[in-house]
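Throughout, a chain's letter reflects where its sequence line sits, starting with A, and its residues are numbered from 1.
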Protein chains: 2
Amino acid sequence: MDQAIAQLPLTRDLLARLDVEDPLGHFRERFHLPEGLIYLDGNSLGALPKTAPARLAEVAEREWGEHLIGGWRKDGWMTYPERLGNKIARLIGAQAGEIIAVDTTSLNLFKILAASLALKPTRRTILSDTGNFPTDLYMAQGLIELLGRRHRLKLVEPKEIEAAIDDDTVLVMLTHVDYRSGRIHDMERITRAAQAKGAIMLWDLCHSAGAVPVNLTRAGADFAVGCGYKYLNGGPGAPAFIYVAQRHHDRTSQPLTGWLGHADPFAFAAEYRPAPGILHYKCSTPSILALAPLECGVDIMLEAGMPALRQKSMALGDLFIRLVAERLNGRGFRPACPLAAEERGSQVSFHHDDGYAIMQALIERRVVGDFRAPDIMRFGLTPAYVRYVDVWDAVQILAQIMDSRAYDKPEFKQRASVT
Amino acid sequence: MDQAIAQLPLTRDLLARLDVEDPLGHFRERFHLPEGLIYLDGNSLGALPKTAPARLAEVAEREWGEHLIGGWRKDGWMTYPERLGNKIARLIGAQAGEIIAVDTTSLNLFKILAASLALKPTRRTILSDTGNFPTDLYMAQGLIELLGRRHRLKLVEPKEIEAAIDDDTVLVMLTHVDYRSGRIHDMERITRAAQAKGAIMLWDLCHSAGAVPVNLTRAGADFAVGCGYKYLNGGPGAPAFIYVAQRHHDRTSQPLTGWLGHADPFAFAAEYRPAPGILHYKCSTPSILALAPLECGVDIMLEAGMPALRQKSMALGDLFIRLVAERLNGRGFRPACPLAAEERGSQVSFHHDDGYAIMQALIERRVVGDFRAPDIMRFGLTPAYVRYVDVWDAVQILAQIMDSRAYDKPEFKQRASVT
């Protein structure tokens with residue numbers, strides 16, 4: 001929203017006009033969105049690109065069905081992880097050949113953690129922050145246990161990261177955009193600080209790729225991972241990606257040495273020999289049916305372009321925060337995200353003591369966000385398909401729920417295991 | 001083929017009659033098979049179940065498209081690995097709750113290798129054989145390297161396995177059906193031998209599941225892994241499965257401690273706490289679009305039933321070997337597989353000095369098998385869709401190639417990197 005609009009009294013009509021004029025407005029048509037649903041959970045699972053079903057049918061019926069084993073060559077399945085990786089590279093400022101779309105975020109973290117410990121054998125501390133996503137911490141814990149507890153995982157508050165880097169730090173492992181608060185770490189500054197102390201810098205871009213501008217090359221990052229099923233809209237459990245800076249390709253090794261990371265897998269040799277470049281970060285035969293819809297999602301993001309996506313995402317977030325402040329003042333909502341758009345990812349979140357129950361009431365009324373313990377209501381604002389009027393309507397419905405205390409029902413008190 | 005038929009002079013008409021009378025004959029209609037193609041490579045990539053495209057469309061359009069994040073609960077995505085695992089369990093003689101369909105064969109091997117080394121901390125030898133598939137060996141090498149080379153991978157000839165098990169053996173890791181020769185290891189005997197020496201027994205069932213009868217419970221196996229995209233017909237790069245005997249569920253731990261193996265993933269706790277049962281062998285969010293077609297393939301195998309599949313598979317193999325002996329005597333083909341059906345998996349293979357070029361000539365004539373270095377021509381005989389006349393026609397075409405020396409072309413000499 002530009003300054004002029006930011007001054008106007010807001011009405012739904014004004015926002016509807018903004019949607020009509022929105023240069024990204026037509027991208028909503030690229031996704032299948034259920035009628036009447038306000039979907040603010042694209043940071044958990046992105047929406048279905050309309051091209052994905054046809055692409056899945058093509059892979060299944062024409063490629064697998066007709067070409068069978070020949071698909072690995074004829075349909076380029078063998079190089080799909082690197083071709084799709086090169087597309088993702090354009091979204092997050094990496095060079096061609098520095099990213100492959102393989103395995104999962106957790107598994108790619110494991111590869112990088114192990115490679116990093118081997119690079120810095122005299123150092124013992126993996127440094128992260130309390131805002132990191134749990135799987136990042138768990139994978140580090142699993143590796144440390146496996147290696148006989150010779151290393152430690154040190155967690156500090158997000159603001160204390162730079163001060164905590166020292167001569168014992170093997171690597172600094174951070175999620176760029178906090179999954180709960182949406183707070184963005186300063187990638188360039190922290191990377192410099194880590195490297196100045198001789199540490200390796202690993203960025204988790206699960207809540208960044210397709211959501212906020214990232215330039216791994218400019219930041220000088222060593223490693224990164226990211227998720228395919230959030231802002232890249234790749235489908236439930238889509239493959240993840242791994243970034244290894246070119247300078248690390250031939251001086252690092254990772255322990256998940258499956259046959260597709262071999263220099264010559266079809267020689268079927270008994271001894272592992274790593275493939276050149278980033279290819280030895282491959283492990284196993286990739287699922288082609290999982291990669292195909294991820295490509296559909298990535299293609300849309302590339303076409304929309306990160307600058308336009310970011311601009312709209314910030315406007316949606318500012319609007320959400322302003323409407324909550326105006327309409328729900330004194331109702332117990334405290335921002336859990338930065339108020340300044342440039343410090344915030346493509347989401348907003350609020351603390352509320354009844355957050356879980358309120359979120360259930362919202363979902364019942366077809367406004368889908370999610371809840372993150374202990375008290376955070378989280379709303380993902382995917383700029384490619386969320387409209388300004390969606391934000392208006394969501395806050396309107398939220399206000400009705402608060403006015404009517406519709407959240408105060410026994411069935412909304414019990415936390416479900418999956419949201 | 002029963003004894004009476006085995007005595008008759010073979011004709012194509014006789015085999016066509018066998019196909020008509022084949023109780024599994026109608027299962028061929030469950031698969032999409034290209035017109036005029038004789039597909040003998042289901043041991044590299046199984047054919048497309050005709051139900052798979054509709055199931056993929058359902059998962060994409062109705063589940064992902066309409067339910068979005070709600071699919072994890074509404075459509076049972078969260079428990080898909082264990083539900084599908086329970087179906088696979090029925091194919092290979094495991095109990096419900098002992099198998100989950102997750103990750104890949106290589107990654108599941110890594111989990112088991114690490115869990116086993118932790119179970120037997122005073123032992124140092126991982127024992128395998130020279131017939132094992134390379135990725136099994138590579139994953140062991142990667143783990144040994146990661147752990148500072150305190151263990152060793154010892155390879156012996158397949159026949160020498162039992163004699164090589166000793167007090168230093170952590171685990172015996174074998175592929176049940178050799179990927180090149182098709183030779184079947186005696187699962188019960190070797191498992192007993194391993195356990196008698198205090199070692200752990202891990203079976204790789206990549207060429208067994210859906211191909212030969214397996215009873216993990218009766219064999220008393222400790223661990224197993226297997227592939228979804230070969231005889232289970234799950235599609236290119238389909239998820240694999242992992243079997244952990246119930247007695248090992250709560251006394252083992254594996255190092256790929258991703259968030260979905262956590263006892264309460266949605267608590268988002270900072271400390272990893274393993275889920276009960278086999279669930280802590282999960283790591284990451286599974287691809288639902290990869291699991292769905294695997295279920296289509298497994299359902300067909302369950303309906304056909306392993307006894308009937310095995311009976312036909314043995315008959316197809318006997319027929320292939322007999323026809324090659326009769327029609328290609330003196331042309332340089334030497335069986336690379338056991339001649340006795342009960343010692344052989346669902347494939348036949350032959351050594352030939354010109355094996356690579358001959359296989360290319362076969363593929364050009366639409367008979368698809370594959371080549372495995374150094375000189376093995378391999379033909380997968382998936383009994384659910386390979387007919388007796390397919391074997392006749394394949395050998396007929398092979399004989400024509402040999403008669404005409406059609407394989408003796410420069411373009412067939414150069415080995416491609418993918419077959």
Q) Is chain A contacted by the side chain of B:Asn43, its backbone, both, or neither, given a heavy-atom distance below 4.5 Å? A) neither
Q | Residues that A:Phe31 engages under ring-ring contact (aromatic ring centres under 6.0 Å, His included), provided they are two or more places apart | A | A:Tyr385
Q) Side chain, backbone, both or neither: which part of A:Pro239 has an atom under 4.5 Å from a heavy atom of chain B? A) neither
Q: Only pairs at least two apart or in different chains count here, so list each salt bridge (Lys or Arg N to Asp or Glu O under 4.0 Å) that has a residue in residues 285-294 of chain B.
A: none
Q: Heavy atoms only: give me the nearest A:Gly258-B:Tyr138 pair and the separation to one decimal.
A: C-CD1, 4.2 Å
Q. How many angstroms lie between atom CZ of A:Phe133 and atom CH2 of B:Trp259, to the nearest 0.5 angstrom?
A. 4.5 Å
Q) So what's closer than 4.5 Å to chain A heavy atoms on B:Ala267: side chain, backbone, both or neither? A) backbone
Q: Anything in residues 103-111 of chain B with a heavy-atom distance to chain A below 4.5 Å? Please list those residues in order.
A: B:Asp103, B:Thr104, B:Ser106, B:Leu107, B:Phe110
Q: Please look at A:His67 and chain B and tell me whether the side chain, the backbone, both or neither of the residue comes under 4.5 angstrom of a heavy atom of that chain.
A: neither
Q. So which part of A:Leu137 gets closer than 4.5 Å to some heavy atom of chain B, the side chain, the backbone, both or neither?
A. side chain
Q: Measure A:Pro236 against the heavy atoms of chain B and call it side chain, backbone, both or neither at under 4.5 Å.
A: both
**Q.** Neighbourhood of chain B inside residues 54-63 of chain A, taking heavy atoms under 4.5 Å as contact
**A.** A:Leu56, A:Ala60, A:Glu61
Q | Inter-residue atom distance B:Thr257.OG1 - A:Met139.CE, 0.5 Å rounding | A | 5.5 Å
